[in-house]
Amino acid sequence: MTALQREHTDAAGAVAGPHPARWPILAVVCLVQFAVVLDNTVLGVAIPSLGRALDADTAAVQWMVNAYSLAQVGLLLAAGAAADRYGRRRLLLTGLALFGAGSLAAALAHSSGQLIAARAGMGVGGALLVTSTLAVVMQVFDATERSRAIGVWAAVSALGFAAGPPIGGLLLAHFWWGALFLVNLPVVAIGLVAVRSLVPGTRNGGEGRPDLPGAALSTIAAACLVYAITTAPGHAWASAAVLLPTTLGLAALTGFVRWERRTRHPMLDPVLFRDRRFVGAVTGVLLMTFGSSGGLFLLTQQLQFVRGYSALEAGLRMAPFALGIVLLNFTGVAARLLARLGRPRAIALGMGLLAAGFGVIACRPDDGYGTLLPGLLLMGAGCALANPAIAEAVLSSIPPERAGVGAGMDGAMAELGSSLGVAVLGAVLSTRFTALTGADSLPRALAEAPTDSLRADTLHAFGRAVEATQLIGAAAVLAGGLVTAALLRRAARPGT
């Protein structure tokens with residue numbers, strides 16, 4: 001531990017007031033968080049290149065994309081508990097090392113199997129990083145600056161998600177596909193040096209033995225459920241490919257709940273679920289990410305299939321959405337609004353703006369970028385306000401020494417909600433398109449259309465299905481925000 005780190009920790013290892021290097025620390029953890037989130041979406045434009053270079057079939061390509069997120073979501077809760085027990089700084093360094101090694105192995109992969117394994121290794125490192133970065137933010141900032149710091153962290157996360165397609169497209173335009181992973185190595189190098197020198201090595205330590213059964217059960221439950229949801233659109237919902245992982249995931253979840261209630265030192269204290277603030281916050285994360293991720297999925301469908309943009313063009317045209325989030329959070333506007341409105345109102349207003357943005361885009365799909373831009377700006381303003389508020393709501397309902405578990409729970413619910421939103425709204429879109437055309441997919445319908453006129457009619461029908469489903473997504477976003485706000489407001493009443 002450096003002299004700067006020792007000076008600002010007390011005898012118990014807790015940070016004594018705001019850390020003097022808190023803003024440089026925030027810059028470092030945000031850089032790391034950006035790289036981790038970026039890898040969730042950067043491969044979207046590289047699928048054709050990967051398929052050709054590695055002679056991979058459709059299933060293998062899907063695993064290249066999904067192995068990262070599945071490994072990450074499965075370990076989020078366990079990683080958060082480990083960060084609290086063994087120290088956020090130690091877990092950050094371990095996560096950076098795993099993420100860097102996985103990135104190098106992915107860039108040098110010569111087969112689809114090697115790339116899938118490397119991506120899974122990156123996901124393990126990513127789980128350690130996602131939980132540790134947010135826990136460190138909670139650790140080094142006091143209550144007066146924490147809202148703004150969480151807002152910056154949330155803005156960088158949103159930027160990483162939105163920047164994946166354009167950054168991936170630019171790299172592929174000038175380099176081979178391995179460059180998508182090599183760009184992580186400078187981030188890892190900077191992070192290793194900065195974390196060792198700046199981040200204090202505090203930890204809770206925990207009582208008793210680590211909850212290894214709880215960690216194993218939570219990992220199996222999360223990974224199986226997200227896998228089932230992710231693969232459901234490509235299979236029948238009643239097929240064995242969906243029912244088997246769903247059954248296993250629910251069985252593991254049931255076992256996890258029972259174990260946590262019985263063990264003396266649970267990883268996730270069941271008492272938390274008696275706290276309405278915690279229940280309202282994590283329910284809010286699930287509902288909000290369900291609506292917003294499903295809506296974003298539909299927006300990309302509209303931009304590429306209805307408006308005719310390429311993946312890179314669609315990504316670049318969505319940039320105002322991410323830039324709006326960054327601008328409002330980095331200037332402190334979102335934090336000031338959050339302080340003035342309070343969390344329930346901020347979440348309700350933010351999700352209302354996000355829903356309005358989706359609605360504008362859905363109702364005026366053919367009016368060019370002049371209509372798309374205001375919708376994207378409304379979406380950015382909504383996310384800038386709602387995301388930090390809901391992250392604060394989760395973390396404020398958990399003791400500071402358990403911030404890692406809070407971050408893990410936030411991340412796990414976000415991944416589950418995101419997967420559900422894409423799967424459910426994707427299924428609604430498919431059903432409406434089939435009702436209009438009788439075809440089960442757009443590519444098949446276009447391939448079977450004998451004339452340009454019929455292909456144009458097919459695209460028009462798909463556009464109508466997207467628009468109708470987007471309105472359902474907007475309603476889901478609004479409902480999620482209102483339900484979350486109501487739960488948090490009720491939890492804040494005296495006596496609850």
> Not counting sequence neighbours, which residues clear salt bridge (charged side-chain N to carboxylate O under 4.0 Å, His left out) with Arg22? List them please.
Glu145
> Below 4.5 Å, heavy atoms only, C-beta onward: do Met379 and Leu353 meet side chain to side chain?
no
> Check the pair Thr469 / Arg432 against side-chain contact (heavy atoms from CB on, under 4.5 Å), numbers first and verdict last.
CA-CA 8 Å; Thr469 312; Arg432 293 191 66 87; 3.7 Å; yes
> side-chain contact (heavy atoms from CB on, under 4.5 Å) between Val285 and Met409: does it pass, once the steps are laid out?
CA-CA 10 Å; Val285 172; Met409 194 70 180; over 6 Å; no
> Could you grab the distance from atom CG of Leu180 to atom CG of Leu171, nearest 0.5 Å is fine?
5.5 Å
> Taking all non-hydrogen atoms of both residues, which atom of Ala348 and which atom of Leu482 are closest, and how far apart?
CB-CD2, 4.3 Å
> Please report the shortest heavy-atom distance between Ala389 and Ile347, naming the atom on each side.
CB-CG1, 3.6 Å
> How close do Leu128 and Ala79 get, heavy atom to heavy atom, and via which atoms?
CD2-CB, 3.7 Å
> How close do Ala83 and Ser132 get, counting heavy atoms only, and between which atoms?
CB-OG, 3.9 Å
> In chain order, what residues pass the side chain to side chain donor-acceptor pair (under 3.5 Å) check against Trp259, with sequence neighbours excluded?
Asp211
> Sequence neighbours excluded, which residues qualify as side chain to side chain donor-acceptor pair (under 3.5 Å) partners of Thr133?
Gln33, Trp153
> Would you give the length of the straight line joining atom OH of Tyr227 to atom CG of Leu248, rounded to the nearest 0.5 angstrom?
12.0 Å
> So how far is it from Ile116 CD1 to Ser112 OG, rounded to the nearest 0.5 Å?
5.0 Å
> Name the atoms and distances for all side-chain donor-acceptor pairs under 3.5 Å in residues 91-109, with sequence neighbours left out.
unit_1, atom_1, unit_2, atom_2, d
Thr94, OG1, Arg90, O, 2.9
Ser103, OG, Phe99, O, 2.8
Ser103, OG, Asn184, ND2, 3.1

> Go through the structure and list residues passing side-chain contact (heavy atoms from CB on, under 4.5 Å) with Val257, not counting sequence neighbours.
Arg261
> Tell me, do Val28 and Ile190 make a side-chain contact under 4.5 Å, heavy atoms counted?
no
> How far does SG of Cys383 sit from CZ of Phe321, to the nearest 0.5 angstrom?
4.0 Å
> Within the structure provided, determine whether Leu38 and Ile167 are in side-chain contact (heavy-atom separation under 4.5 Å).
yes
> Please report the shortest heavy-atom distance between Gln139 and Arg88, naming the atom on each side.
OE1-NH1, 3.2 Å
> Apply side-chain contact (heavy atoms from CB on, under 4.5 Å) to Thr283 and Thr484, showing your working.
CA-CA 7 Å; Thr283 303; Thr484 302; 6.0 Å; no
> Would you compute the distance between atom CD1 of Ile390 and atom CE of Met351 and round it to the nearest 0.5 angstrom?
9.0 Å
> Evaluate the side-chain proximity of Phe290 to Leu286: yes if any heavy-atom separation is below 4.5 Å, no if none is.
no
> Can you name the nearest heavy-atom pair linking Leu338 to Ala346, along with the distance?
CD1-CB, 3.6 Å
> Side-chain contact, heavy-atom cut-off 4.5 Å: Gln72 with Val130?
yes
> Which residue in the set Thr219, Leu77, Ile220 passes side-chain contact (heavy atoms from CB on, under 4.5 Å) when paired with Phe256?
Leu77
> Please examine the side chains of Leu429 and Val466, heavy atoms only from C-beta on, and report whether any two atoms are closer than 4.5 Å.
yes
> I'd like to know if the side chain of Arg119 reaches the main chain of Ala67, judged simply by a donor and an acceptor atom lying under 3.5 Å from each other, with no hydrogens or angles considered.
no
> Is any side-chain heavy atom of Asp39 closer than 4.5 Å to a side-chain heavy atom of Met122?
yes
> Would you confirm whether Ser111, through its side chain, and Gln114, through its main-chain N or O, come within 3.5 Å as a donor-acceptor pair?
yes
> Kindly write out the residues that satisfy ring pair (Phe, Tyr, Trp, His ring centres under 6.0 Å) with Phe141, not counting sequence neighbours, or none if the list is empty.
Trp23
> Under 3.5 Å, is there a donor-acceptor pair between the side chain of Arg89 and the main chain of Arg196?
yes
> Could you measure the distance from the CG atom of Leu198 to the CG atom of Leu26? Nearest 0.5 Å is fine.
12.0 Å
> For the pair Leu328 and Leu385, evaluate side-chain contact (heavy atoms from CB on, under 4.5 Å) and give the outcome as yes or no after the intermediate values.
CA-CA 8 Å; Leu328 290 177; Leu385 189 57; over 6 Å; no
